[in-house]
Novice: 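What follows is a single structure, and I will ask about it in a moment.
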Amino acid sequence: MKTSWRRLRQIEKFLTGEVTQMDSDLFRARLDRDEDLKSDLSVQRQAYQVIRDYARKQVQQEIAAIDQRLFNGGQSQEFQRQIHRIFS
Amino acid sequence: MTDLSDVDGNLQRMLHFETCYLEVFPAFAAFVHQRGGHLEAAREVFQEALLIYYERMVLQASIEGNHKYLYGICRHVWRRKNRHSGTHLSELTSSEIADTDGPYEEPSSHKLKALLSRVGERCMELLTSFYYHNQTMQEIAHAFGFSGERSATVQKYKCLEKVREHVKTKKMTYEDFLA
């Protein structure tokens, strides 16, 4: 069954601390007695991790592509000469 | 100052990374060379440092474009790797360097493929724009062609739900596998 957007938003706000102390305490109290909510929170935490890992992989690939272009590409010969002088 | 959370986030980011290479890498290369390191090792460390720098930069907009800070991270990563191995980095093979503790566990291409087929590339782009690159919903609405923040937010939660479903399915598969 799909989780409602309202519930997703509530969990997100709790996890990111965008709630008042009172709301946070109320949410914690609900967590203690609502196993479904506890499970939803755990899944949402994992979902954020999946998103971050995906994004990080994208950025790593972007950096690797720039590295390749600068060290192997024909348009950055001045940079390559500069670095070669350091290691020669 | 470069605004990395601009509409053309990817392009801005790539340009910023290139500037970092041109302005910081030569100094770091000299640092590595003075310590007996090789170019390959300097490139490996720089790539890792640039990722760390970007993530901290996104979290703290105040240090955007601070090349001294990037240079500091490079030196820190370099020292950490040397301390970790107890030997000069130049003596390590590139696969050994890659094996030292990185900032995270890299998802396999199989996992990424499964994720993309379930969630879709556009959804992942939207989610990463918000949860990783720290763009505002207003910027996202503009970049993705939504009529406003509200419809972008609705879409964000739809996409998040898809990732949640993916996570749950993965769990089920794993449990089934154990059974």
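In what follows, chains carry the letters A, B, and so on, assigned in the order in which the sequence lines appear, proteins first and then strands, with residues in each chain numbered from 1. Here the structure is a predicted model, which means the values were calculated and not measured.
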Novice: Would you please test Thr153(B) and Trp5(A) for side chain to side chain contact (heavy atoms under 4.5 Å, CB included) and show each step?
Specialist: CA-CA 10 Å; Thr153(B) 303; Trp5(A) 301 339; over 6 Å; no
Novice: For Phe79(A) and Phe25(B), take the angle between the two ring planes, folded into 0 to 90°, and tell me which bin it lands in: parallel under 30, tilted 30 to 60, perpendicular over 60.
Specialist: tilted
Novice: With a 4.5 Å cut-off on side-chain heavy-atom distances among I, L, V, M, F, W and Y, is there a chain of contacts connecting Leu26(A) to Leu37(A)?
Specialist: no
Novice: Against chain A, work out which of Phe17(B), Tyr132(B), Phe46(B) has the most heavy-atom pairs shorter than 4.5 Å and name it.
Specialist: Tyr132(B)
Novice: Does Leu22(B) share a hydrophobic cluster with Ile83(A), counting links as ILVMFWY side-chain heavy atoms below 4.5 Å and allowing steps through other members?
Specialist: yes
Novice: Could you walk me through whether Phe71(A) and Tyr21(B) pass the side chain to side chain contact (heavy atoms under 4.5 Å, CB included) check?
Specialist: CA-CA 10 Å; Phe71(A) 287 98; Tyr21(B) 263 96; 3.9 Å; yes
Novice: Would you indicate whether Gln138(B), at its atom CD, is surrounded by more than 12 heavy atoms from other residues, nucleotides or ligands within a distance under 6.0 Å?
Specialist: no
Novice: Dump the intermediate steps for side chain to side chain contact (heavy atoms under 4.5 Å, CB included) on His133(B) and Gln58(A), then the final yes or no.
Specialist: CA-CA 11 Å; His133(B) 299 296; Gln58(A) 300 286 100; 5.9 Å; no
Novice: With a 4.5 Å cut-off on side-chain heavy-atom distances among I, L, V, M, F, W and Y, is there a chain of contacts connecting Phe87(A) to Phe28(B)?
Specialist: yes
Novice: Among Leu50(B), Thr128(B), Leu39(B), which residue has the highest count of heavy-atom pairs closer than 4.5 Å to chain A?
Specialist: Leu39(B)
Novice: What part of Phe130(B) gets closer than 4.5 Å to chain A, counting heavy atoms only: side chain, backbone, both or neither?
Specialist: side chain
Novice: Which atom names give the shortest non-hydrogen contact between Ile63(A) and Leu51(B), and what distance separates them?
Specialist: CD1-N, 3.7 Å
Novice: Heavy-atom distance under 4.5 Å to chain B: side chain of Gln82(A), backbone, both or neither?
Specialist: side chain
Novice: Side chain of Arg164(B), backbone of Asp40(A): donor and acceptor closer than 3.5 Å?
Specialist: yes
Novice: Heavy-atom pairs under 4.5 Å with chain A are the metric here; pick the option from His33(B), Gln47(B), Arg43(B) that has the most.
Specialist: Arg43(B)
Novice: Determine whether Val19(A) and Leu41(A) fall in the same hydrophobic cluster, where Ile, Leu, Val, Met, Phe, Trp and Tyr are linked whenever their side-chain heavy atoms lie under 4.5 Å apart.
Specialist: no
Novice: Go through Arg85(A), Arg69(A), Glu62(A) and name the one with the most non-hydrogen pairs under 4.5 angstrom from chain B.
Specialist: Glu62(A)
Novice: If I measure from the heavy atoms of chain B, does Arg9(A) come under 4.5 Å with its side chain, its backbone, both, or neither?
Specialist: both
Novice: Can you tell which of Leu127(B), Val163(B), Leu160(B) makes a side-chain contact (heavy atoms from CB on, under 4.5 Å) with Tyr48(A)?
Specialist: Leu160(B)
Novice: How long is the gap from CD1 on Ile51(A) to SG on Cys123(B), to the nearest 0.5 Å?
Specialist: 9.5 Å
Novice: Are there more than 12 heavy atoms of other residues, nucleotides or ligands under 6.0 Å from atom CZ of Arg6(A)?
Specialist: no
